[in-house]
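Note that the structure is predicted; figures quoted are calculated from it, not measured.
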Amino acid sequence: MATMKLLLFVAFSLISSLAATYLNEVITDLNEVISELQSTVLKSQILVPTPFKFAVSFEKQFGVYPSTIKMNLHGDEDHALVRDLAGCFDNNAFVTLWVTEILLEAARQPLGPAPTNNQVLYALQAISSYHDNNRPMSGSILVFWPQTYNKTTGVWSGGPQNLAYLTNDYPKLAAYLQKVLDDLGLSSLWNKLEPVVEDPRALQH
């Protein structure tokens, strides 16, 4: 009986030790994944604002997290390639609000790291610029996109600014895309894209 108890004790100790080792390895792996995700999110926040310059840079607002508008393309490999590679940077309140909320909720979990003070501060500063200018006394109401004032109607209207810049330069955009595809030896792809590119409604989230 004593021998059996000893064997059970040894077996239990061995299993406990193996389980603890395995658990430590899992926690270590989780910490590495969490740390990598935290770094990726932190680096994605826009800390250097840029103006819109055709074929050079999109307008990027300080403090926001990135969001991309894609062309509404589907079909064969060529269309899929363009959808994956082409996109328009979008400044909006929703993505930055959502990412900040998720970061704060994650920080409440046992393994969740807290975002940096500046990370939250810069996001809140960006979000504060999205208060509805048509309702200046309603401080809690936010709009999705940045607003511009229409002197004719006397109303502030919102929209994806970079997409508006591209739409204003649509003839230039079409010529630019055709030249890029020609330079890459993908002239045949332009024949497929031309009907889509020439219709601004083809640009959707």
Val41 side chain near Tyr65 side chain, heavy-atom distance below 4.5 Å: yes
For the student: nearest non-hydrogen atoms of Pro115 and Ala107, plus distance: CD-CB, 4.2 Å
Trace of the side-chain contact (heavy atoms from CB on, under 4.5 Å) decision for Thr68 with Cys88: CA-CA 5 Å; Thr68 304; Cys88 174; 5.7 Å; no
Nearest atoms (heavy-atom pairs only) where Gln38 meets Ala114: NE2-O, 3.4 Å
Inter-residue atom distance Asn91.CG - Asn162.CG, 0.5 Å rounding: 6.0 Å
4.5 Å side-chain heavy-atom contact, Val120 and Thr116: no
Distance (rounded to the nearest 0.5 Å) between Leu142 CG and Asn92 CG: 11.5 Å
Path from Leu103 to Trp98 over hydrophobic side-chain contacts below 4.5 Å: yes
Gln45 (side chain) donor-acceptor with Gln119 (main chain) under 3.5 angstrom: yes
Exam field: side chain Thr96 to backbone Ala126, donor-acceptor pair closer than 3.5 Å: no
Point-to-point distance, once rounded to the nearest 0.5 Å, from CG of Leu97 to CD1 of Ile102: 11.5 Å
Any side-chain heavy-atom pair of Thr148 and Ser157 under 4.5 Å: yes
Spacing of OG1 belonging to Thr50 relative to CD belonging to Gln61, to within rounding of 0.5 Å: 11.0 Å
Candidate list Phe89, Phe54, Phe58, Phe52, test ring pair (Phe, Tyr, Trp, His ring centres under 6.0 Å), partner Tyr165, passing option: Phe52
Shortest non-hydrogen contact from Gly154 toward Tyr149: CA-OH, 3.4 Å
Heavy-atom donor-acceptor pair, Ser35 side chain to Glu32 backbone, under 3.5 Å: no
Donor-acceptor pair, side chain of Asn133 and main chain of Gln147, under 3.5 angstrom: no
Close side-chain approach of Phe62 and Ile46, heavy atoms under 4.5 Å: no
CG-CD distance between Leu166 and Gln161, expressed to the nearest 0.5 angstrom: 12.0 Å
Under 3.5 Å: donor-acceptor pair, side chain of Asn134, backbone of Trp156: yes
Asn150 side chain to Val155 backbone, donor-acceptor under 3.5 Å: no
4.5 Å side-chain heavy-atom contact, Ile69 and Pro160: yes
Rounded distance [0.5 Å steps], NZ in Lys60 versus CG in Leu47: 11.5 Å
Heavy atoms of other groups near Glu105 CD, more than 12 under 6.0 Å: yes
Phe94-Val99 co-clustered via ILVMFWY side chain contacts under 4.5 Å: yes
